[in-house]
Amino acid sequence: MKGSLAQVWRKVQGCGDWEGLVSPSLHPLLREEIVRYGELVSACYKAFELNSSSSRYLSCKYGKGSMFEEVGMGGSGYDVTRYVYVTAPDIMTSIPSIRPGSCCRGRWVGYVAVASDDMTDRLGRRDILVTFRGTVTSQEWVANLMSSLTPARLDPGDPRPEVQVESGFLGLYTSNECGGSRFGLESCREQLLCEISRLLRKYKGEEVSISIAGHSMGSSLAHLLAYDISELGLNSTVPVTVFSYGGPRVGNLGFKQRCEELGVKVLRVVNVHDPVTKLPGVFLNENFRVLGNYELPWSCSCYSHVGVEVLLDFLDVKNPSCVHDLDAYISLVRCPREEGIIHEDGVVGNIFERVMSNVVGNFELCRLRRAASGMVDQFLVQSQGAEFLMDNNFLGWMNCLALYMLM
């Protein structure tokens, strides 16, 4: 593929399903875009207020006009037009370990932005951007564990019961504040559809793209938004592309097929050692749907990934939570090592080979599992009544739990 980004942007955004751009190696333009969108997602983490004594607790530290400047991304080329908030699903109000009333509080989860005129010239189109951070609060963690499939039913005119998604992710996407009271916060979905519709009207007549980027849980919200926009026909001829970093499965095969029918393009950046990308559906997934030519009875209940994979391979044995770290994802895409294996600072490839060959067999595996179990128990005790978990510690607990489930 030859030409500037402005000339070939449709291919970089997934027209043609990135054929020839992902393998045998990432095309330089696609590599730059994966890094760029990843950094735009990382701004969510940098701007998120973690100090419980702050008046902006669980919101963005900065105003829309200064956010990029404050996080060191003043040259991003985008203008933030709206902040996006999420509330926990209604089911969480019945969980004793979660502080009463805390579920109703809106939490900042990302932002909507639009490319400036200069960036539009560089990109070759007016890019409407939506970004989502990953899991941070205990309520979001509980939502992540609600791993049962439920019909999406986002189009009231055609509910499509065969299109099913994970109930916790759907709850985060559609739940509003305090049961939708007159003065409560609209659902994440309502906020986004309203703003995207406004921007599409504003830039009608221009060449426009919708780019949705998310990390971890944010990737799930990105999938749901892309599907929602396309199912409702809001995008018309505007291409919709998801850039997913360390994202879990979101829905079943029906969801995947419908996304493909609607032309939703998803580029999944995946670390082969990241347990989050294997959830939900550790056993009931696209790899266990058929046996030979026979479709198994539970195939409709199998989770399935959507889109094209970009595979990475990194692991730090001294810091296992790095396998899900967004900055680690971005760094490896920006500066790839041979065969995707990093040898510096104790980072190695193939966790299973290392465990099986360098650790003393089943005895050590049992010890590892007991250790993971102990970490999970400690996490559950610490989270009783806790409203917030610090990001780095939280990711560590999350990965330990996922690894425990996989062993």
Side-chain angles (χ1 to χ4, degrees), residues 1 11-14 16-39 41-42 134 212-220 222-223 241-251 256 259-260 264-282 285-289 302-317 319-345 347-356 395 398-399 402-403 406:
M1 182 179 68
K11 291 185 177 180
V12 174
Q13 290 292 109
D17 295 317
W18 294 283
E19 185 176 356
L21 302 184
V22 171
S23 61
S25 62
L26 274 179
H27 189 281
L29 286 178
L30 180 57
R31 184 186 304 280
E32 290 174 7
E33 289 299 274
I34 292 173
V35 170
R36 187 173 70 86
Y37 283 115
E39 290 175 338
V41 174
S42 73
I212 312 171
H215 172 239
S216 191
M217 175 198 72
S219 166
S220 306
H223 278 72
T241 305
V242 174
F243 290 87
S244 164
Y245 303 84
R249 296 182 179 92
V250 179
K256 174 185 178 181
C259 285
E260 292 171 348
V264 175
K265 303 301 180 182
V266 179
L267 189 67
R268 296 177 44 250
V269 186
V270 175
N271 175 15
V272 295
H273 304 299
D274 187 346
V276 174
T277 64
K278 299 171 176 60
L279 300 170
V282 175
N285 59 56
E286 63 271 25
N287 299 315
F288 300 95
R289 192 176 59 83
C302 288
Y303 286 89
S304 182
H305 276 304
V306 180
V308 175
E309 275 190 346
V310 175
L311 287 175
L312 306 177
D313 187 347
F314 63 90
L315 171 71
D316 185 344
V317 294
N319 179 22
S321 66
C322 82
V323 298
H324 190 60
D325 182 71
L326 178 59
D327 288 337
Y329 269 81
I330 296 171
S331 296
L332 192 57
V333 174
R334 179 186 286 115
C335 302
R337 271 74 168 184
E338 184 179 358
E339 298 180 358
I341 301 175
I342 309 175
H343 297 281
E344 299 174 352
D345 299 325
V347 181
V348 298
N350 200 330
I351 181 174
F352 298 108
E353 179 182 339
R354 290 280 174 166
V355 170
M356 295 303 293
L395 290 178
M398 178 177 63
N399 284 316
L403 284 169
L406 291 171

Nearest-0.5 Å distance, [atom1] of residue [X] to [atom2] of residue [Y]:
{"X": "Leu279", "Y": "Tyr303", "atom1": "CG", "atom2": "OH", "result": "10.0 Å"}
{"X": "Trp18", "Y": "Gln13", "atom1": "CH2", "atom2": "CD", "result": "7.5 Å"}
{"X": "Thr241", "Y": "Tyr37", "atom1": "OG1", "atom2": "OH", "result": "7.5 Å"}
{"X": "Glu260", "Y": "Lys265", "atom1": "CD", "atom2": "NZ", "result": "8.0 Å"}
{"X": "Leu21", "Y": "Lys11", "atom1": "CG", "atom2": "NZ", "result": "8.0 Å"}
{"X": "Thr277", "Y": "Asn271", "atom1": "OG1", "atom2": "CG", "result": "7.5 Å"}

Which heavy-atom pair separates [X] from [Y] by the least distance, and what is that distance?
{"X": "Ala222", "Y": "Gly214", "result": "CB-N, 4.5 Å"}
{"X": "Ser42", "Y": "Asp327", "result": "CB-OD1, 4.3 Å"}
{"X": "Phe314", "Y": "Cys322", "result": "CE1-O, 3.1 Å"}
{"X": "Gly247", "Y": "His305", "result": "O-CE1, 3.8 Å"}
{"X": "Asp274", "Y": "Tyr329", "result": "OD2-OH, 2.8 Å"}
{"X": "Val276", "Y": "Gly246", "result": "CG1-O, 3.6 Å"}

Counting N and O atoms only, with roles assigned by atom type, does the side chain of [X] sit under 3.5 Å from a partner on the main chain of [Y], one being a donor and the other an acceptor?
{"X": "Arg249", "Y": "Pro280", "result": "yes"}
{"X": "His215", "Y": "Val41", "result": "no"}
{"X": "Tyr245", "Y": "Ile34", "result": "yes"}

(Q) For Arg334, give me all partners under salt bridge (charged side-chain N to carboxylate O under 4.0 Å, His left out), at least two apart in sequence or on another chain. (A) Glu39
**Q.** Donor-acceptor pair between Ser244 and His223 side chains, under 3.5 angstrom
**A.** no
Q) Looking at Val306, Ile212, Val308, which one forms a side chain to side chain contact (heavy atoms under 4.5 Å, CB included) with Val266? A) Val306
Q: Take Leu30 and Leu267, measure what side chain to side chain contact (heavy atoms under 4.5 Å, CB included) needs, and give me the verdict at the end.
A: CA-CA 10 Å; Leu30 180 57; Leu267 189 67; 3.9 Å; yes
Q) Given Glu32 and Val12, is the side chain to side chain contact (heavy atoms under 4.5 Å, CB included) satisfied, shown in steps? A) CA-CA 10 Å; Glu32 290 174 7; Val12 174; over 6 Å; no
